[in-house]
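What follows is a set of notes on a single structure, which appears directly below.
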Amino acid sequence: MCNAKAYSAASERSPMAPATIPRRDPTEHDVQIEILFCGICHSDLHSVRNEWSEFMPTVYPIVPGHEIVGRVTKVGAAVTKYKPGDQAAVGCMVDSDRTCAQCRAGFEQFCANMTLTFNSADKHLGGVTYGGYSESIVVDERFVLRVPSNLDLAGAAPLLCAGITTYSPLRHWGVTEGKKVGVVGLGGLGHMGVKFAHAFGAHVVVFTTSPEKKEDALRLGADEVVVSRNANEMEKHAGSFDFILDTASAVHDINAYLNLLARDGNITLVGAPPKPLAVLAFALIGGRRSLSGSNIGGIAETQEMLDFCGEHNITADVEVIPIQMVNEAYERLLKSDVKYRFCIDMASLKSE
Ligand code: NAP
Ligand code: ZN
């Protein structure tokens, strides 16, 4: 075991602050990674503040972070895919039971015994797992991903959560050329959703509560932008969408979007507001519309997404910050003031 520098929160009301955490020595199948960049996901904030207490209560201290890229420093004797010096990445999961029907089908994210990168029971050291706001991490090679060498590393980090979480449902629901696709919320997930839907050839409409993001939405690949608080603008799109990806992090009126779906259209929620959304039966019944959800993506699909990004040169638009600015970044996330993902330069942790 060794100690690693990290940032953690001691309670739901505490700010993130410097801490020291244990990391295991690599076992046979483990890869030890020096973390170079870690994206800041809104899920980090929900977890640090225990906003999901009813579904997945936070154990303190918490070290969040699941958009991890770095360099391999050491590997276990049985590791075949990575060697010291390689670039490597870790997303939202670090293990699963690998034997259940979900795992065998490549859906580790739905395995009942899946281990999240942070705030899950740690099979090796006891306590809970600690995430990427840290100088290093040790992960079984089966849960380590390869980053295409042409991608900027800071921009690639958010692909490990924001990327796969948007790529997976867009693929699942058959978003291709000729489809009209909406993306609700232009934050970390939303801006990746726009990039992927555009790359898949769809006609992309962004729904935003922030009129000042209009120009950026078009630059990122949107064909149209709707300010969702403007009922007239919304009405123009009634009954016209094949698919809408909803990334909003707070409670909002889902019926306003259901009404925009065409016959058999679907809205998939990836945003995870802590409180329920009220669904009007009539908004679903008329037009045989459906509402569903999606959770990140499996390991094989995450690698497929990274390779797709390598081929199409897709990365997140990041604002790189030192770790000392993480509390400020959280406050800005709450104001929807992120363009479009904060990414921590982990070199800044060396001075702590
Ligand atoms: P983010 O960067 O903070 O972006 C969220 C965006 O939602 C904001 O920028 C804003 O966009 C919009 N928004 C915020 N408050 C709103 C409100 N009251 N009404 C309507 N829109 C609102 O967050 P993120 O990292 O993209 O994460 C988004 C959500 O997805 C979070 O709840 C997160 O926990 C969840 N998540 C889920 C998964 C999964 O696997 N399902 C994975 C990762 C994250 P505009 O300014 O454009 O309105
Ligand atoms: Zn995330």
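Order of listing sets the numbers, starting from 1, for every ligand and every atom in it. All values below come from the heavy atoms of this structure, side chains included, with hydrogens, waters and symmetry mates left out.
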For the pair N327 and E331, evaluate side chain to side chain donor-acceptor pair (under 3.5 Å) and give the outcome as yes or no after the intermediate values. CA-CA 7 Å; N327 294 304; E331 290 313 310; over 6 Å; no
Considering only protein heavy atoms, which is closest to atom 13 (N) of ligand 1, and at what distance to one decimal place? S336 OG, 4.1 Å
Show me which atoms of ligand 1 lie under 4.0 Å from any heavy atom of V338. 2 (O)
Are any of the N/O atoms on A250, whether in the backbone or the side chain, positioned under 3.5 angstrom from an N/O atom of ligand 1? no
Test H124 against D30 for side chain to side chain donor-acceptor pair (under 3.5 Å), laying out the working first. CA-CA 12 Å; H124 299 266; D30 280 340; 5.1 Å; no
If you draw a 6.0 Å radius around CZ in R71, do more than 12 non-hydrogen atoms from other residues or ligands fall strictly inside? no
2.8 Å cut-off met by an N, O or S atom of H66 to the Zn ion (ligand 2): yes
E235, CD atom: more than 12 neighbouring heavy atoms under 6.0 Å: no
As an exercise, identify every atom of ligand 1 less than 4.0 angstrom from a heavy atom of T165. 38 (C), 39 (C), 40 (O), 41 (N), 42 (C)
Using a 3.5 Å cut-off on N or O atoms only, is L186 in polar contact with ligand 1? yes
Quick one: look up the protein heavy atom nearest atom 31 (C) of ligand 1 and list residue, atom name and how far away it is. H46 NE2, 3.5 Å
Could I get the full list of side chain to side chain contact (heavy atoms under 4.5 Å, CB included) partners for R13, not counting sequence neighbours? S11
Within 4.0 Å of some non-hydrogen atom of T208, the atoms of ligand 1 are 45 (P), 46 (O), 47 (O), 48 (O)
Around atom CZ of F282, are there more than 12 heavy atoms from other residues, nucleotides or ligands closer than 6.0 Å? no
Backbone of V227 reached by a side-chain donor or acceptor of T208 within 3.5 Å: no
Hey, is ligand 1 close enough to A248 that some N/O pair sits below 3.5 Å? no
Are Y167 and E301 linked by a side-chain donor-acceptor pair shorter than 3.5 Å? no
Assess the residue pair S240 and K180 against the criterion (side chain to side chain donor-acceptor pair (under 3.5 Å)); give the C-alpha distance rounded to whole Å, side-chain angles, the decisive distance to 0.1 Å, and a yes or no. CA-CA 7 Å; S240 68; K180 184 172 173 183; 2.8 Å; yes
Can V181 be reached from F200 by stepping across I, L, V, M, F, W or Y side chains whose heavy atoms are under 4.5 Å apart? yes
Distance to 0.1 Å, residue and atom name: give those for the protein heavy atom nearest to atom 35 (C) of ligand 1. V270 O, 3.6 Å
Closest to atom 26 (O) of ligand 1 among protein heavy atoms sits L189 N, 2.8 Å
Polar-atom distance check: C41 versus ligand 1, any N or O pair below 3.5 Å? no
Using a 4.0 Å cut-off to any heavy atom of S210, which atoms of ligand 1 qualify? 45 (P), 46 (O)
Could you tell me whether R219 and D317 have a side-chain N and a carboxylate O separated by less than 4.0 Å? yes
Can you list the ligand 1 atoms lying under 4.0 Å from a non-hydrogen atom of C161? 42 (C), 43 (C)
Show the atoms of ligand 1 that are less than 4.0 angstrom away from any heavy atom in L333. 2 (O), 3 (O)
Looking at atom 19 (N) of ligand 1, what's its closest protein heavy atom, distance included? H252 CB, 3.8 Å
Contact (N/O only, under 3.5 Å) between G185 and ligand 1: no
Run the contact test for W52 against ligand 1 with a 4.0 Å cut-off on heavy atoms, strictly below, and give the result. yes
Between the Zn ion (ligand 2) and C41, is there an N, O or S atom separated by less than 2.8 Å? yes
Closest protein heavy atom to atom 30 (O) of ligand 1, given as residue, atom name and distance to 0.1 Å: G271 CA, 3.2 Å
Quick check on side chain to side chain contact (heavy atoms under 4.5 Å, CB included): which of L349, I35, I344 does Y133 satisfy it with? I344
Polar atom proximity, R341 to ligand 1 (N or O, under 3.5 Å): yes
Closest protein heavy atom (residue, atom, distance) for atom 5 (C) of ligand 1: S249 OG, 3.7 Å
Can you list the atoms of ligand 1 that are under 4.0 Å from a heavy atom of T247? 28 (C), 29 (C)
Minimum-distance protein heavy atom relative to atom 3 (O) of ligand 1: H42 ND1, 2.7 Å
Applying the 4.5 Å side-chain criterion to the ILVMFWY set and letting contacts propagate, would V320 and L159 be lumped into a single cluster? yes
Please say whether the positively charged group of R49, taken as NZ for Lys or CZ for Arg, lies over the ring of Y330, i.e. under 6.0 angstrom from the six-membered ring centre and within 45 degrees of the axis. no
At less than 4.0 angstrom from any non-hydrogen atom of I296, what atoms of ligand 1 do you find? 39 (C), 40 (O)
For ligand 1, find out whether one of its N or O atoms is nearer than 3.5 Å to an N or O atom of S43. yes
Using a 3.5 Å distance criterion without hydrogens, assess whether the side chain of T129 forms a donor-acceptor pair with backbone atoms of L116. yes
